[in-house]
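This report refers to the structure that appears directly beneath it.
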Amino acid sequence: MAKVKGIFKGNTVQLLEPVAATNGVEVDVIFHEPGDKDQSFVNAMKQELARMEKGLKLGGGPYYRSRDELHER
């Protein structure tokens with residue numbers, strides 16, 4: 001099985017690179033909408049940035065001394 005990109009024109013698909021296959025071999029063609037991939041990437045980045053802004057709770061609590069208590073100024 002090989003994955004090859006191509007351009008759809010009229011009723012045919014023109015492959016962008018050569019393929020070692022015999023004539024008449026069956027193929028599957030998947031059409032991607034132009035904006036789908038870009039929009040999903042933007043949504044994923046927004047989610048990750050929101051998670052980074054919120055931060056993670058890694059434990060800790062009031063029993064830890066403050067920085068000023070640990071270091072004399």
Side-chain angles (χ1 to χ4, degrees):
M1 185 166 131
K3 182 178 177 181
V4 180
K5 289 188 177 186
I7 299 174
F8 180 71
K9 289 183 181 179
N11 243 0
T12 61
V13 176
Q14 180 183 5
L15 300 178
L16 298 176
E17 53 191 76
V19 177
T22 57
N23 283 336
V25 70
E26 187 175 313
V27 298
D28 294 322
V29 179
I30 299 172
F31 290 96
H32 295 280
E33 293 297 324
D36 286 351
K37 196 175 203 180
D38 296 334
Q39 190 58 41
S40 63
F41 175 78
V42 169
N43 290 340
M45 285 301 296
K46 285 181 181 178
Q47 287 177 349
E48 289 303 315
L49 290 172
R51 284 187 192 129
M52 288 171 42
E53 190 69 33
K54 183 180 174 185
L56 298 173
K57 289 196 176 248
L58 299 175
Y63 48 86
Y64 285 106
R65 293 189 284 176
S66 69
R67 183 176 188 273
D68 291 334
E69 290 173 338
L70 292 172
H71 303 283
E72 292 181 28
R73 298 265 169 177

Practice item. Check whether V19 and V27 end up in the same hydrophobic cluster, where Ile, Leu, Val, Met, Phe, Trp and Tyr are linked by side-chain heavy atoms less than 4.5 Å apart. Key: yes
Exercise for review: For atom CD of E17, decide whether the heavy atoms of other residues, nucleotides or ligands shown that lie under 6.0 angstrom number more than 12.
Suggested key: yes
Check your understanding: At what distance, to the nearest 0.5 angstrom, does NZ of K3 lie from CD1 of I30?
Key -> 8.0 Å
Review point. Honestly curious: do L16 and F8 fall in one hydrophobic cluster under the side-chain, below-4.5 Å linking rule?
Key: no
Review point. Got I7 and K9 here, is their nearest side-chain heavy-atom distance under 4.5 Å?
Key: yes
Exercise for review: Measure the CD-CZ distance between Q47 and R51 for me, rounded to the nearest 0.5 Å.
Suggested key: 5.5 Å
**Study point:** Cluster link F31 to L15, ILVMFWY, side chain under 4.5 Å
**Key:** yes
